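Here is the structure we will look at.
This one's a predicted model, so the numbers in the text were calculated from it and none came from an experiment. Because only heavy atoms are used, hydrogens play no part in the values below, and waters and symmetry mates are left out as well, while side chains stay in. Naming: A, B, ... by sequence-line order, numbering from 1 per chain.
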Amino acid sequence: MARNYWLFKSEPSEFSIDDLKNRPNQTESWDGVRNYQARNFMRDDMKCGDLGLFYHSNCDEVGVAGVCEITQEAHPDHTAWEKGNKHFDEKSSPENPRWVMVAVTWKETFPRTVTLDEIKAHPKLQNMRVAQRGNRLSITPVTKAEFEIICKAARK
DNA sequence: GCCAACGTTGGC
DNA sequence: GCCAACGTTGGC
(Lines give C-alpha, C1' and ligand atoms only; values in the text may rest on other atoms or scores of the structure.)
Protein backbone atom coordinates (compact mmCIF):
# COMPACT_ATOMS: atom_id res chain seq x y z
CA MET A 1 0.00 0.00 0.00
CA ALA A 2 1.51 3.25 -1.12
CA ARG A 3 2.00 5.98 1.37
CA ASN A 4 -0.31 8.97 1.16
CA TYR A 5 0.61 12.62 1.53
CA TRP A 6 -1.31 15.40 3.23
CA LEU A 7 -1.26 19.04 4.12
CA PHE A 8 -2.13 20.09 7.67
CA LYS A 9 -3.05 23.70 8.27
CA SER A 10 -2.35 25.31 11.59
CA GLU A 11 -2.09 28.84 12.87
CA PRO A 12 1.36 29.07 14.40
CA SER A 13 0.02 31.32 17.15
CA GLU A 14 -2.06 28.31 18.19
CA PHE A 15 0.24 25.45 17.28
CA SER A 16 3.39 25.66 15.17
CA ILE A 17 5.87 23.17 13.79
CA ASP A 18 8.19 24.11 16.64
CA ASP A 19 5.45 23.44 19.17
CA LEU A 20 5.15 19.97 17.68
CA LYS A 21 8.89 19.46 17.92
CA ASN A 22 8.82 20.39 21.59
CA ARG A 23 6.04 17.98 22.55
CA PRO A 24 6.77 14.81 24.50
CA ASN A 25 7.85 12.27 21.89
CA GLN A 26 7.49 15.15 19.42
CA THR A 27 3.97 13.92 18.96
CA GLU A 28 0.56 15.56 19.25
CA SER A 29 -3.04 14.62 18.61
CA TRP A 30 -4.55 16.57 15.74
CA ASP A 31 -7.79 17.30 17.55
CA GLY A 32 -10.45 19.91 16.99
CA VAL A 33 -11.20 19.16 13.35
CA ARG A 34 -14.91 19.93 12.91
CA ASN A 35 -15.34 19.67 9.19
CA TYR A 36 -16.75 16.53 7.63
CA GLN A 37 -14.55 16.50 4.59
CA ALA A 38 -11.41 16.83 6.66
CA ARG A 39 -12.69 14.24 9.10
CA ASN A 40 -13.34 11.78 6.32
CA PHE A 41 -9.82 12.16 5.02
CA MET A 42 -8.51 11.29 8.47
CA ARG A 43 -10.98 8.50 9.08
CA ASP A 44 -10.92 6.82 5.69
CA ASP A 45 -7.60 7.51 4.08
CA MET A 46 -4.91 8.37 6.60
CA LYS A 47 -2.53 5.59 7.53
CA CYS A 48 0.43 5.28 9.83
CA GLY A 49 3.53 6.22 7.88
CA ASP A 50 1.75 8.81 5.76
CA LEU A 51 3.58 12.12 5.63
CA GLY A 52 2.15 15.59 6.10
CA LEU A 53 3.23 19.05 5.08
CA PHE A 54 2.89 21.31 8.11
CA TYR A 55 1.38 24.54 6.81
CA HIS A 56 1.33 27.80 8.75
CA SER A 57 -1.76 29.90 8.07
CA ASN A 58 -2.89 33.29 9.25
CA CYS A 59 0.56 34.56 10.14
CA ASP A 60 3.49 36.68 8.95
CA GLU A 61 5.03 33.96 6.84
CA VAL A 62 2.29 31.86 5.31
CA GLY A 63 3.47 28.57 3.85
CA VAL A 64 4.84 25.10 4.49
CA ALA A 65 7.19 25.06 7.47
CA GLY A 66 8.06 21.39 7.79
CA VAL A 67 7.05 17.77 7.70
CA CYS A 68 5.25 15.46 10.10
CA GLU A 69 4.30 11.80 10.02
CA ILE A 70 1.06 10.07 10.93
CA THR A 71 1.87 7.83 13.87
CA GLN A 72 -1.62 6.95 15.08
CA GLU A 73 -4.62 6.41 12.87
CA ALA A 74 -8.07 7.89 13.37
CA HIS A 75 -9.69 7.44 16.76
CA PRO A 76 -12.43 9.39 18.56
CA ASP A 77 -11.68 13.03 19.35
CA HIS A 78 -12.51 13.27 23.04
CA THR A 79 -12.38 17.07 23.06
CA ALA A 80 -15.76 16.96 21.30
CA TRP A 81 -17.56 15.83 24.46
CA GLU A 82 -15.63 17.85 27.01
CA LYS A 83 -17.93 20.60 28.15
CA GLY A 84 -16.16 23.91 28.05
CA ASN A 85 -13.64 22.71 25.52
CA LYS A 86 -13.18 25.10 22.65
CA HIS A 87 -14.13 22.32 20.26
CA PHE A 88 -17.08 20.96 22.25
CA ASP A 89 -19.88 19.52 20.14
CA GLU A 90 -23.01 18.46 21.98
CA LYS A 91 -23.87 16.03 19.21
CA SER A 92 -20.79 13.93 19.89
CA SER A 93 -20.44 11.49 22.80
CA PRO A 94 -18.15 8.64 23.89
CA GLU A 95 -20.91 6.20 22.88
CA ASN A 96 -21.40 7.86 19.54
CA PRO A 97 -18.33 9.86 18.59
CA ARG A 98 -18.79 12.16 15.66
CA TRP A 99 -15.25 13.44 15.25
CA VAL A 100 -11.89 11.78 15.01
CA MET A 101 -8.27 12.73 15.37
CA VAL A 102 -4.94 11.27 14.36
CA ALA A 103 -1.57 11.64 16.04
CA VAL A 104 1.26 13.30 14.16
CA THR A 105 4.97 13.23 14.94
CA TRP A 106 7.51 15.85 14.03
CA LYS A 107 9.85 14.86 11.23
CA GLU A 108 11.54 17.99 10.05
CA THR A 109 11.49 21.75 10.31
CA PHE A 110 12.47 23.17 6.95
CA PRO A 111 15.52 25.46 6.82
CA ARG A 112 13.08 28.00 5.39
CA THR A 113 9.35 28.22 4.86
CA VAL A 114 8.11 27.46 1.37
CA THR A 115 5.70 30.35 1.02
CA LEU A 116 2.21 30.36 -0.40
CA ASP A 117 3.44 32.82 -3.03
CA GLU A 118 5.96 30.27 -4.26
CA ILE A 119 3.36 27.55 -4.34
CA LYS A 120 1.03 29.74 -6.37
CA ALA A 121 3.86 30.65 -8.74
CA HIS A 122 5.08 27.10 -9.32
CA PRO A 123 3.64 25.57 -12.49
CA LYS A 124 3.45 22.09 -10.98
CA LEU A 125 1.79 23.18 -7.75
CA GLN A 126 -1.20 24.90 -9.29
CA ASN A 127 -3.57 22.12 -8.35
CA MET A 128 -2.82 22.21 -4.66
CA ARG A 129 -5.96 23.04 -2.74
CA VAL A 130 -4.12 25.48 -0.60
CA ALA A 131 -3.17 27.52 -3.67
CA GLN A 132 -6.78 27.96 -4.69
CA ARG A 133 -8.66 30.97 -3.52
CA GLY A 134 -11.33 30.56 -0.96
CA ASN A 135 -10.04 27.20 0.16
CA ARG A 136 -10.74 26.69 3.83
CA LEU A 137 -10.20 23.00 4.28
CA SER A 138 -7.73 22.38 7.10
CA ILE A 139 -6.62 18.95 5.89
CA THR A 140 -6.10 18.28 2.21
CA PRO A 141 -4.50 15.47 0.24
CA VAL A 142 -1.39 16.29 -1.77
CA THR A 143 0.34 14.20 -4.40
CA LYS A 144 3.73 12.62 -3.94
CA ALA A 145 5.07 14.89 -6.67
CA GLU A 146 3.76 18.00 -4.92
CA PHE A 147 5.17 16.81 -1.63
CA GLU A 148 8.60 16.25 -3.12
CA ILE A 149 8.69 19.55 -4.99
CA ILE A 150 8.01 21.40 -1.76
CA CYS A 151 10.60 19.47 0.23
CA LYS A 152 13.17 20.19 -2.44
CA ALA A 153 12.25 23.85 -2.63
CA ALA A 154 12.79 24.18 1.12
CA ARG A 155 16.45 23.33 0.67
CA LYS A 156 17.16 25.88 -2.01
C1' DG B 1 -35.28 20.60 0.06
C1' DC B 2 -34.48 25.49 -0.77
C1' DC B 3 -31.99 29.40 0.41
C1' DA B 4 -31.02 33.58 3.25
C1' DA B 5 -28.62 34.66 7.28
C1' DC B 6 -24.92 33.92 9.96
C1' DG B 7 -20.32 32.65 11.74
C1' DT B 8 -15.68 31.38 10.49
C1' DT B 9 -11.52 31.12 7.80
C1' DG B 10 -7.60 33.06 6.10
C1' DG B 11 -5.09 36.00 2.70
C1' DC B 12 -4.02 40.50 2.33
C1' DG C 1 -8.89 45.15 10.38
C1' DC C 2 -11.13 44.16 5.99
C1' DC C 3 -13.70 41.27 3.31
C1' DA C 4 -14.44 37.34 -0.02
C1' DA C 5 -15.45 32.69 0.15
C1' DC C 6 -17.20 29.02 2.28
C1' DG C 7 -19.89 25.70 5.52
C1' DT C 8 -23.71 25.40 8.57
C1' DT C 9 -28.08 26.52 10.43
C1' DG C 10 -32.85 27.05 10.56
C1' DG C 11 -37.29 28.95 8.86
C1' DC C 12 -40.43 27.92 5.54
Side-chain angles (χ1 to χ4, degrees), chain A residues 4-23 28-46 50-70 74-104 106-143 145-154 156:
Chain A
N4 287 321
Y5 297 87
W6 306 95
L7 181 141
F8 289 83
K9 254 188 224 173
S10 183
E11 301 191 15
S13 60
E14 297 291 322
F15 190 70
S16 71
I17 185 84
D18 290 328
D19 292 332
L20 180 59
K21 188 180 180 181
N22 292 328
R23 287 284 147 166
E28 180 66 298
S29 287
W30 205 267
D31 62 19
V33 172
R34 297 293 179 266
N35 170 285
Y36 288 105
Q37 224 183 326
R39 179 200 67 179
N40 294 348
F41 285 138
M42 286 198 287
R43 190 188 60 189
D44 304 335
D45 302 322
M46 246 181 230
D50 285 1
L51 295 178
L53 297 170
F54 199 112
Y55 178 89
H56 284 168
S57 69
N58 234 324
C59 58
D60 288 345
E61 202 173 29
V62 171
V64 179
V67 174
C68 60
E69 179 178 347
I70 313 304
H75 52 291
D77 180 350
H78 56 83
T79 66
W81 56 75
E82 287 166 9
K83 271 219 165 68
N85 190 291
K86 188 177 167 189
H87 303 294
F88 175 73
D89 177 359
E90 60 178 5
K91 297 191 185 111
S92 191
S93 66
E95 297 73 35
N96 201 0
R98 169 171 300 215
W99 304 108
V100 300
M101 58 189 183
V102 297
V104 300
W106 178 86
K107 284 280 280 186
E108 179 185 358
T109 299
F110 286 156
R112 67 177 195 88
T113 294
V114 179
T115 64
L116 179 58
D117 283 347
E118 284 178 80
I119 292 172
K120 284 179 173 168
H122 195 294
K124 293 193 171 155
L125 300 179
Q126 298 297 304
N127 290 332
M128 289 186 73
R129 299 282 294 262
V130 80
Q132 284 151 26
R133 80 181 301 216
N135 167 62
R136 292 169 48 183
L137 203 50
S138 63
I139 295 175
T140 54
V142 304
T143 67
E146 289 162 348
F147 183 89
E148 284 170 355
I149 288 168
I150 289 188
C151 289
K152 206 170 159 193
K156 275 193 239 171

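The neighbour count for A:D60 CG, taken as heavy atoms of other residues, nucleotides or ligands under 6.0 Å away, does not exceed 12.
Using a 3.5 Å distance cut-off with no hydrogens or angles, the side chains of A:Y36 and A:R43 do not pair a donor with an acceptor.
Using a 4.0 Å cut-off between charged nitrogen and carboxylate oxygen, A:E118 and A:K156 do not count as a salt-bridge pair.
A:M42 contributes atom CE, which lies 9.0 Å from atom CG of A:N35 (distance to the nearest 0.5 angstrom). Taken to the nearest 0.5 Å, the CG atom of A:L53 stands 10.5 Å off from the CD atom of A:E108.
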- Heavy-atom contacts, protein to nucleotides 5-12 of chain B, under 4.0 Å, summarised as B (base), S (sugar-phosphate only) or - (none) per nt, yield --BBSBBS

